[in-house]
Amino acid sequence: MRYWLMKSEPGDVSIDDLAAMPGQTVDWYGIRNYQARNFMRDQMQLGDLAFFYHSNCDEPGIVGIVEVSHLAYPDRLQFIPGHKYFDPKSTPENPRWLNVDVKLVRKTRLLSLKALRTYPELETMRILQRGNRLSITPVDPREWAFITALLDQPAS
DNA sequence: GCCAACGTTGGC
DNA sequence: GCCAACGTTGGC
């Protein structure tokens, strides 16, 4: 059982979009980075928990918790010519890109990136490191515990 | 919209 | 296999 942080642009799939989806589940499509793909392929297990993070928006930060509800399988969008996520080098026999499904566990209050940066306990988090761009990152169990405790408190 | 950081591509 | 050029990410 591992913990993760998964970024989504709310203009694409927001936490409210996820909450409105059938089964409150979504396929984590569009990952086109090998490191992130490998996390999904090699390390994610059913029931793993992840922070759902809004990126590239007015208030970036953690907005919910999701769980891995389906193991990695080929991302269907890579086979659709003309699609933003089409990859001409990928074939159904040897698919290059994968995704898991995630299911909403709960929405949380917004714990903003700015707020996360104020805690010395979190200064080693991947997401807070300079230049970090990876859209899926592992979260240390201690960091997970610390943040979930924060999420259960009102914003200060 | 700027731009730093970083990943990918492709010529050599 | 090096590395310059280019593309993308994502906070600000």
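Predicted model, so just to flag it, every value in this text is computed and none were measured. By convention in this document, chain letters (A, B, ...) are assigned in the order of the sequence lines, proteins followed by strands, and residues within each chain are numbered from 1.
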- prompt: Just how far, in rounded Å, is P of C:dC12 from CG of A:Leu128?
  reply: 10 Å

- request: Kindly say if A:Lys7 contacts the phosphate of C:dG10, meaning a side-chain N or O under 4.0 Å from OP1 or OP2.
  value: yes

task: To the nearest Å, give me how far apart CD (A:Gln129) and P (B:dG7) are.
output: 14 Å

statement: Checking B:dT9, B:dG7, C:dG11 against the side chain of A:Asn33 (C-beta onward), the nearest is B:dG7

message: Nearest heavy atom decides the nucleotide; on that basis, is A:Lys89 or A:Asn56 closer to the 5' end of DNA chain B?
response: A:Asn56

- prompt: What distance do A:Asp140 atom CG and A:Phe146 atom CZ have between them, rounded to the nearest 0.5 Å?
  reply: 12.5 Å

- request: Give a yes/no on whether any side-chain N or O of A:Tyr53 is located under 4.0 angstrom from OP1 or OP2 of C:dG11.
  value: yes

field: Residues A:Asp48, A:Lys103: salt bridge by 4.0 Å N-O rule
entry: no

query: If you measure from the Lys or Arg side-chain nitrogens to the Asp or Glu carboxylate oxygens, is any gap between A:Arg32 and A:Asp75 under 4.0 Å?
result: yes

- request: Could you check how far CH2 of A:Trp97 sits from C1' of B:dG7, rounded to whole Å?
  value: 10 Å

task: Calculate the interatomic distance between A:Asp87 atom CG and B:dT9 atom C1'; express it in whole Å.
output: 13 Å

- prompt: Just how far, in rounded Å, is C1' of C:dG10 from CD of A:Glu9?
  reply: 8 Å

query: Given atom CZ of A:Arg133 and atom C1' of C:dC12, what is their separation to the nearest angstrom?
result: 16 Å

query: Rounded to the Å, how far apart are A:Ile127 CD1 and B:dC6 P?
result: 13 Å

query: Does A:Asp87 pair with A:Lys89 as a salt bridge, N-O distance under 4.0 Å?
result: no

query: How long is the line joining CG of A:Leu116 and C1' of C:dG10, in whole Å?
result: 15 Å

